[in-house]
*Asks:* 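Quick one: structure below, then a few questions.
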Amino acid sequence: MKKWLSALAGAACSAAALAQQVMPPVTVTATREKAPVAETPAAVGVIGAETLQQDRPSHPSQIMSQIPGVAVAVTNGEGHTTSIRQPFTTGPVYLFLEDGVPIRSTGFFNHNALYEINIPQAGGMEVIRGPGSALYGSDAIGGIINVLTPVPPQKPEGRLFGELGGHGWWRLLGSAGGSGGDNAWRGDLNLTHTDGWRENTAYDRQSGLLRWDRALGAASVLKSVMTFSRVEQETGANSPLGESDFRNNPTRNLLPIAFRKVSAFRLSSAYESESGPSLLSLTPYVRDNSMDLLASFNLNNDPTVSSTENRSFGLLAKWRRDFAPLRARLIFGADLDVSPGGREEDAIRTTTAGAPPSRQHLAFSNAGRIYDYDVTFRAVSPYVHGEISPLERLRLTAGLRYDHLSYDFENRIGAPVTVAAAGGTFPTGARVYGQAPNTEVSFEHWSPKLGATYALGAATHVFMSRTHGFRAPSEGDLFRPSFGASAPAAQAAALGALVLKPIKADQLEGGLRGTAGAVSYDLVIYDLKKRDDIVTQRDTATNFTQRVNAGRTRHRGVELGLGAPFAQRWRVDGALSVSSQKYQSFVTNQGDFSGKHIEAAPRVLANTRLTWLPRDRARLQLEWVRIGEYWLDASNTAKYGGHDLLNLRGNWPLSQRLALSASITNLADKRYADSAQISSSFPVFSPGLPRTLYAGLEAQLW
């Protein structure tokens with residue numbers, strides 16, 4: 001086995017050993033290759049491969065709150081909204097990666113992108129909170145989530161895991177791999193089904209991975225990864241309910257006609273060659289994404305059924321050079337992306353019963369094509385990153401990135417489309433959909449970064465950074481505006497969307513990290529200011545929406561991670577964040593919200609885990625998750641009080657080759673909301689999963 005393959009296997013072992021620690025000693029996300037956290041001026045959190053293998057989360061929400069300042073909420077099936085220094089949002093303010101390669105093109109952002117990754121069989125997760133470094137471009141405002149693929153085993157290995165749970169849940173996970181000579185490989189397969197705990201909320205997923213590592217001589221390696229995911233689900237799982245139904249009839253689904261069918265395929269081949277102090281890295285990739293969607297979240301304001309697809313062809317290129325004086329390092333790179341895609345979307349008329357907030361959508365009929373276009377997204381993004389140590393304990397970093405992003409849009413519908421009123425959501429009044437002309441839209445942006453780390457001692461260091469992030473409008477923002485009540489109004493909305501500006505964010509951040517005896521700690525303070533946010537203005541009485549740039553917001557907070565063993569076989573780990581998220585200057589057609597708290601932004605996020613390790617490979621863990629209170633609307637007229645959840649999970653070896661696992665989510669059977677908001681002037685709540693038991697058995701086949 002060549003040294004490169006041994007190094008990869010060693011990295012996997014290191015990740016496993018660190019699974020129960022708050023702070024890893026190395027990160028691969030901050031500079032796109034292994035770097036010590038002690039010299040990384042960013043808030044980095046990690047979830048190791050061993051933790052993922054033990055917990056086997058069925059949803060990202062069950063694992064990601066272990067990182068300070070990070071929370072994920074369930075929408076539909078494995079769909080999600082994310083909160084990292086931002087409110088819970090479907091907005092495009094996060095960058096999702098797999099082994100450093102973006103899951104989707106900037107032009108075709110999907111806030112649910114994590115369901116396109118096989119997380120329960122991943123090789124680890126890293127989260128950089130706040131705007132990304134100059135090595136990453138658009139999207140990295142709230143944070144970067146990088147899911148690592150599992151490293152092939154050094155010896156032949158095959159495993160099979162079967163699990164049953166409440167509400168018709170079953171899951172089968174299989175993996176196999178091995179190595180020999182200059183080659184190592186691994187394959188994973190995930191088959192999952194649930195009937196759903198609410199009416200009409202079943203889903204199925206099939207995910208798989210093939211990874212092949214090959215050493216090319218003594219100093220080069222090729223890592224090829226192919227992944228796919230197919231998700232088919234009834235998407236009423238986040239159907240919001242009025243307070244009476246939320247308390248007394250939470251299984252009720254007001255949106256049973258909604259559905260989502262997702263297909264995602266990715267292929268990348270990362271070539272790295274090291275020659276003395278220099279390293280060359282080239283990663284070409286191909287992506288293919290498609291989705292058929294009848295969106296539950298649009299049924300009460302703009303009911304449609306759509307089919308979208310896009311393909312991507314890209315290259316991540318990087319050259320790194322180290323210099324002996326002052327441990328200097330220089331990185332030059334460029335990211336290239338060409339993503340052709342398109343959208344076909346039809347308006348629908350729904351058959352309804354009842355009135356808001358308890359109106360049900362029982363059936364639908366097609367009302368005609370409202371969007372039909374092709375659009376190609378292109379990105380050319382060179383960057384430079386430098387590091388130097390003028391003092392032994394001091395490490396300075398600086399970076400600058402330039403992004404040129406463009407869309408080439410071709411519309412197959414020439415004039416505004418009118419959909420006559422016919423009951424359901426719109427009993428009176430027509431809907432008119434404006435149409436953008438064939439056009440090209442482009443954006444140019446510079447993103448700088450400055451940072452410093454200083455070692456106070458062998459086990460303690462501080463850091464500070466100043467970062468800038470941005471987010472270019474996506475194809476849906478630019479070319480799919482909301483409808484209007486008349487052709488002139490609709491056309492004005494369509495043309496107005498074409499002049500949307502990128503979101504911009506600036507952050508000042510500082511932190512103290514290290515260990516004191518057996519205690520590890522990670523304390524971070526940040527101040528993030530965002531301007532020109534692309535927001536959906538929603539009239540809470542009519543639910544009419546429109547995408548606009550709107551004002552300035554400020555997001556400040558403190559994040560703390562702690563971990564320590566005690567007694568002989570016990571350990572406690574905690575993650576806590578306290579934040580203030582406010583509109584600074586924010587005026588819309590609904591009013592002036594300046595000085596108000598941002599809705600769906602919990603003040604407190606917390607996760608505490610008490611772990612008992614009675615013997616080798618055995619574990620019992622009690623977890624307490626806290627989501628603090630938050631406002632339901634920008635006017636700050638009503639609040640959701642937050643919730644506390646207890647989860648219990650355990651692992652027990654039955655023999656050298658057999659192991660039992662079990663978990664109980666929501667141990668106290670608490671009634672809580674995955675999300676809450678104001679809709680049609682009423683507070684509504686999407687109920688979360690009640691107490692549910694899962695049990696599984698893993699067999700090592702060879």
Side-chain angles (χ1 to χ4, degrees), residues 58-59 61-62 71 73-77 79-81 88 165-169 194-203 233-259 295-301 303 350-363 424-425 538 540-541 543 599-600 602 624-633 637-648 664-694:
S58 60
H59 190 277
S61 63
Q62 297 175 356
V74 179
T75 55
N76 296 288
H80 57 89
T81 59
F88 284 107
H167 318 295
W169 169 273
T194 180
D195 295 336
W197 76 277
R198 300 180 67 189
E199 300 165 356
N200 301 101
T201 57
Y203 80 86
Q233 58 186 42
E234 300 173 293
T235 58
N238 71 332
S239 168
L241 301 173
E243 188 157 6
S244 177
D245 278 339
F246 171 69
R247 298 294 178 190
N248 305 306
N249 192 17
T251 62
R252 189 182 187 193
N253 179 4
L254 303 178
L255 313 173
I257 61 175
F259 64 84
S296 59
F297 53 84
N298 274 341
L299 279 171
N300 284 313
N301 56 77
T350 63
T351 301
T352 63
S358 299
R359 179 168 56 190
Q360 288 183 290
H361 295 263
L362 303 174
T425 308
R538 182 186 299 274
T540 56
N543 282 333
E599 65 273 23
W624 169 30
V625 179
R626 169 68 179 165
I627 302 292
E629 65 179 15
Y630 56 82
W631 293 101
L632 302 184
D633 61 345
T637 61
K639 270 186 178 181
Y640 171 63
H643 58 259
D644 298 271
L645 299 178
L646 294 175
N647 303 308
L648 183 66
I664 303 175
T665 61
N666 194 1
L667 184 64
D669 204 18
K670 174 90 171 182
R671 182 62 45 78
Y672 71 99
D674 279 317
S675 62
Q677 59 189 299
I678 298 290
S679 178
S680 300
S681 300
F682 295 95
V684 293
F685 309 87
S686 298
L689 186 70
R691 180 169 52 222
T692 305
L693 170 66
Y694 304 89

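The structure displayed is predicted, hence computed values, not measured ones. Numbering starts at 1 and runs along the sequence shown.
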*Asks:* Between OG1 of T352 and CG of L254, what distance do you get to the nearest 0.5 Å?
*Replies:* 11.0 Å
*Asks:* Using 30° and 60° as the class boundaries, would you call the ring planes of F685 and Y640 parallel, tilted or perpendicular?
*Replies:* tilted
*Asks:* Determine whether a donor-acceptor pair (N or O, by modelled atom type, separation under 3.5 Å) exists between the side chain of D245 and the backbone of N249.
*Replies:* no
*Asks:* Please answer whether the main-chain N or O of R198 pairs with a side-chain N or O of T201 as donor and acceptor at a distance below 3.5 Å.
*Replies:* yes
*Asks:* Do T637 and L632 make a side-chain contact, defined as non-hydrogen atoms from C-beta onward lying under 4.5 Å apart?
*Replies:* no
*Asks:* To the nearest 0.5 Å, tell me how far S296 OG sits from N76 CG.
*Replies:* 4.5 Å
*Asks:* Within the structure provided, determine whether L646 and N666 are in side-chain contact (heavy-atom separation under 4.5 Å).
*Replies:* no
*Asks:* Would you call the rings of W197 and H167 parallel, tilted or perpendicular, where under 30° means parallel and over 60° means perpendicular?
*Replies:* tilted
*Asks:* Just by distance, do the side chain of S680 and the backbone of F682 share a donor-acceptor pair under 3.5 Å?
*Replies:* no
*Asks:* Could you tell me whether a side-chain N or O of T692 sits under 3.5 Å from a main-chain N or O of P690, the two making a donor and an acceptor?
*Replies:* yes
*Asks:* Please test T351 against H361 for side-chain contact (heavy atoms from CB on, under 4.5 Å), starting from the C-alpha separation and ending with a verdict.
*Replies:* CA-CA 6 Å; T351 301; H361 295 263; over 6 Å; no
*Asks:* Is it the case that over 12 heavy atoms from other parts of the model lie below 6.0 angstrom from the CH2 atom of W624?
*Replies:* no
*Asks:* Does the D633 side chain pair with the main chain of I678, one donor and one acceptor, at a distance under 3.5 Å?
*Replies:* no
*Asks:* Using distance alone, with no hydrogens and no angle criterion, decide if S61 and H80 have a side-chain donor and acceptor under 3.5 Å apart.
*Replies:* no
*Asks:* So, does R359 use its side chain to make a donor-acceptor pair with the main chain of A353 at under 3.5 Å?
*Replies:* no
*Asks:* Let me confirm one number: the CG-CD distance from L689 to Q62, rounded to the nearest 0.5 Å.
*Replies:* 8.0 Å
